[in-house]
Amino acid sequence: MTKLEGTKVRVRFAPSPTGYLHIGGARTVLFNWLLARKSGGKFILRIEDTDRSRHVGDSVAKILDDLRWLGMTWDEGPEAGGDAGPYFQSERLSLYNEHLARMLESGDAYYALETPQELETMRENARAEKRILSYDRPSPIPTIEEGEAAKRDRKKVVVRFKMPDEDITVCDDILGDVTLKSGQIEDFVIQKSDGFPTYHFACVVDDELMKITHVLRGQEHLMNTPKHVAMQRSLGFTTPHYAHMPVIFNMNGSKMSKRDKEKALKNGDPPPEIDVNDFRVAGYLPEAVVNFISLLGWNPGDDREHFSLGELVETFTLDRVGKTNAKFDREKLLAFNTNWAASLDFGLLFKAFCDFLSASENIPQEIRDADEKKLREALKACSGFRIFPDVIKKVGFVFASDNDIEFDPKAVKKVLAKNENAGYAILDHMITRLEALADWSVGSIERLINDVCEARDIKMGNVAQPLRVAVSGSTISPAIGDTLVLLGKKSTLARIRKCLMNREPK
RNA sequence: GCCCCCAUCGUCUAGUGGCCUAGGACACUGGCUUUUCAUGCCAGCAACGGGAGUUCAAUUCUCCCUGGGGGUACCA
């Protein structure tokens with residue numbers, strides 16, 4: 001349809017500043033970003049802030065932060081600059097107005113003077129008469145002079161695009177040709193009464209001016225595209241490649257929306273992760289999130305499932321993007337995270353862990369303040385964890401002060417008090433042995449425990465479990481050698497002593 | 001209502017007319033490993049929505065039905 005061959009690929013992601021980046025939006029960014037990186041093109045970030053009523057304060061900073069966390073960098077846009085700026089639509093009003101004037105003069109757009117009440121009446125009538133279009137093009141169409149006069153009279157005036165009476169075919173790289181018959185789309189608003197352009201108009205002007213070659217967006221935009229194509233023809237613009245991606249839903253088929261969080265909170269359930277930031281705070285790795293969403297609507301055509309961002313750049317092609325909507329399976333994401341946690345370079349894993357500690361709420365202060373070396377060792381001792389909160393659950397006690405250990409009554413009963421305080425008896429013995437242990441290392445601690453087991457002809461668990469409960473208060477901790485080394489000799493002995501003091505008399 | 005898109009295990013998906021007794025992954029079930037919690041390993045369960053065609057042969061092509069989704073704003 002258009003001659004874009006030979007032109008450098010330029011794609012964009014154009015979020016509205018209404019909050020954090022949505023996980024579905026993240027998938028849209030990812031595919032756009034991959035297309036750019038794959039082809040050596042440019043990835044542009046544009047902020048679509050034309051609806052002032054929906055604008056949320058620091059959204060832009062949040063979205064940028066989410067993108068950085070995911071590892072996706074932009075070549076042009078906020079903070080990055082670029083030749084096609086400004087990259088905030090609210091700063092491009094004069095650009096829109098220029099093109100608007102052209103369309104007004106050519107007669108492809110016109111001032112419309114109807115009041116909201118009049119529009120509502122039109123809609124009701126259309127519904128009653130089962131007509132397709134609810135907006136009746138005025139006859140005669142108001143002249144430019146009439147429109148401007150109405151504006152001077154402080155009347156609410158909008159500009160509408162005169163939808164041409166012809167079939168429009170959208171050539172979609174994913175869906176194929178989609179034709180919309182003439183007469184299906186009414187004259188739509190391109191400039192609101194507050195002087196701001198609507199999405200459709202701003203988007204078309206910006207894509208042209210920013211020389212966007214490929215528009216990859218969610219399928220919810222498919223029916224907008226004929227409108228955009230019609231405007232492009234009116235303005236003599238190039239029509240970019242279009243590709244509409246399948247939508248992502250909850251497991252129950254509903255849309256993934258922020259409302260899910262409010263609903264869950266009301267019912268006392270844990271809120272589901274919806275925004276990228278939710279996953280970050282919940283202790284997921286960006287590598288896992290990226291890997292997982294990359295497979296929602298795309299696959300390499302073989303059995304591979306484990307992809308880093310770099311591997312995705314190598315493997316990704318638009319023609320492997322599917323057409324079917326997908327459901328977001330958190331169980332599978334959890335599995336991906338587990339795999340990534342196990343396979344990621346430890347330096348990167350630790351960096352991600354620190355990010356989690358600072359980003360997430362409910363992290364005990366003593367862990368936030370903990371010594372880096374000790375944190376590293378703690379994380380290492382937790383291999384096999386699924387998400388970062390598991391690490392806290394498993395080694396959090398190490399960072400508490402010795403006097404703050406709370407003993408889980410169930411664990412005490414099962415491991416220490418059972419069989420006439422057998423566990424306490426072991427601790428009585430172990431405390432002197434450990435005290436005498438000069439080399440406080442995993443190897444020598446395990447050797448000691450082994451010796452005790454052999455001497456008394458008992459199983460490892462009979463010694464390890466009482467120790468575990470004594471130092472952690474629960475039956476959950478890393479391997480016993482790791483646990484005691486992490487804790488250090490002094491704390492270990494102090495905690496065992498304290499535990500022994502709590503022994504119930506027989 | 002009207003317009004548009006989609007349709008393989010519970011979920012993400014492979015499959016492009018015979019290689020399919022439909023493959024992989026998650027989940028699930030059973031077993032193994034293990035000093036706790038996890039992890040890991042092995043095995044099993046499990047799908048072509050329905051109906052007409054086309055063809056020697058349809059999961060794969062066509063049509064209809066059904067189902068799901070999207071759009072129908074001075075939101076993007």
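Each chain gets a letter, A, B and so on, in the order the sequences are listed, and its residues count up from 1. Worth saying up front: this structure is predicted, and the values here are computed from it rather than measured.
Salt bridge present: A:D302 and A:R304 bring a charged side-chain N and a carboxylate O closer than 4.0 Å. Residues A:R123 and A:E120 are paired through a salt bridge, judged by an N-O separation under 4.0 Å between the basic side chain and the carboxylate. A salt bridge does not link A:D390 to A:R386: none of the charged nitrogens lies less than 4.0 Å from a carboxylate oxygen. Comment: A:K323 does not engage A:D172 in a salt bridge, judged by the lack of any side-chain N to carboxylate O separation of less than 4.0 angstrom. Using a cutoff of 4.0 Å between basic side-chain nitrogens and carboxylate oxygens, A:D187 and A:R137 are scored as salt-bridged.
Distance check on atom C1': B:A27 versus B:C5 gives 29 Å, rounded to whole Å. Rounded to whole Å, the C1' atom of B:G31 lies 47 Å from the corresponding atom of B:G70. Taking the C1' atom of each, B:U29 and B:C9 are spaced 15 Å apart, rounded to whole Å. The P atoms of B:U60 and B:G15 are separated by 15 Å, rounded to the nearest whole Å. Atom name P, nucleotides B:G51 and B:U59: the rounded distance is 12 Å, in whole Å.
Not one side-chain nitrogen or oxygen of A:K394 sits closer than 4.0 Å to the OP1 or OP2 atom of B:U36. Contact annotation: A:R304 side-chain N/O to B:G23 OP1/OP2 distance is not under 4.0 Å. A close approach under 4.0 Å does not occur between any side-chain nitrogen or oxygen of A:K332 and OP1 or OP2 of B:A25. Distances shown here put a side-chain N or O of A:N299 below 4.0 Å from the OP1 or OP2 atom of B:A14. Phosphate proximity of B:A76 to A:K192: present, with a side-chain N or O under 4.0 Å from OP1 or OP2. Within the 4.0 Å cut-off from OP1 or OP2 of B:C74, at least one side-chain nitrogen or oxygen of A:R160 is found. Of the side-chain N and O atoms in A:N339, one or more sit less than 4.0 angstrom from OP1 or OP2 of B:G40.
Looking at A:Q219, its side chain has no donor and acceptor atom pair within 3.5 Å of the base of B:G69. A donor N or O paired with an acceptor N or O is found under 3.5 Å between the base of B:A76 and the side-chain atoms of A:N224. Counting distance only, with no hydrogens placed and no angle test, the side-chain atoms of A:R386 and the base atoms of B:U39 include no donor-acceptor pair under 3.5 Å.
Across all strands, A:V247 comes closer than 4.0 Å to no nucleic acid atom at all (heavy-atom distances). Among the heavy atoms of the strands, none lies under 4.0 Å from A:R330. No engagement by A:P15 is indicated, since no non-hydrogen atom pair under 4.0 Å with the nucleic acid exists. Among the protein residues, A:G297 comes within range of the sugar-phosphate backbone only, with heavy atoms under 4.0 Å from sugar or phosphate atoms but none that close to a base. Residue A:R52 is classed as having no contact, given no heavy-atom separation below 4.0 Å to the nucleic acid. Nucleic acid contact class of A:S383 (heavy atoms, under 4.0 Å, all strands): base. Here A:H221 lies in heavy-atom contact (under 4.0 Å) with a base. Residue A:F188 is classed as having no contact, given no heavy-atom separation below 4.0 Å to the nucleic acid. Residue A:G301 is classed as a sugar-phosphate contact, given heavy-atom separations below 4.0 Å to backbone atoms only. Within the 4.0 angstrom heavy-atom criterion, base atoms lie near A:S477. Note on A:K255: only backbone sugar-phosphate atoms sit closer than 4.0 angstrom, heavy atoms only; bases stay farther off. Within 4.0 Å (heavy atoms only), A:A479 reaches at least one base atom of the nucleic acid. Residue A:I480 is in base contact, counting any heavy-atom pair closer than 4.0 Å across all strands shown. Within the nucleic acid shown, A:E446 comes within 4.0 Å of at least one base atom, counting heavy atoms only.
Ring centroid separation for the pair A:Y96 and A:F196 does not come in under the 6.0 Å cut-off.
Under the Watson-Crick or G-U wobble criterion, with both distances below 3.5 Å, B:G67 is paired with B:C6. Base pairing annotation: B:C20 forms no Watson-Crick or G-U wobble pair, as no partner gives both donor-acceptor distances under 3.5 Å.
The nucleotide whose nearest atom lies closest to any side-chain atom of A:D303 is, among B:C4, B:G23, B:A27, B:G23. Residue A:T324 places its side chain closer to B:C6 than to any other of B:C26, B:G70, B:C6. Distance from the side chain of A:T198 is smallest for B:C75 among the nucleotides B:C75, B:C12, B:G40.
Relative to the ring axis of A:F88, A:R92 does not place its NZ or CZ within 45° and under 6.0 Å from the centre.
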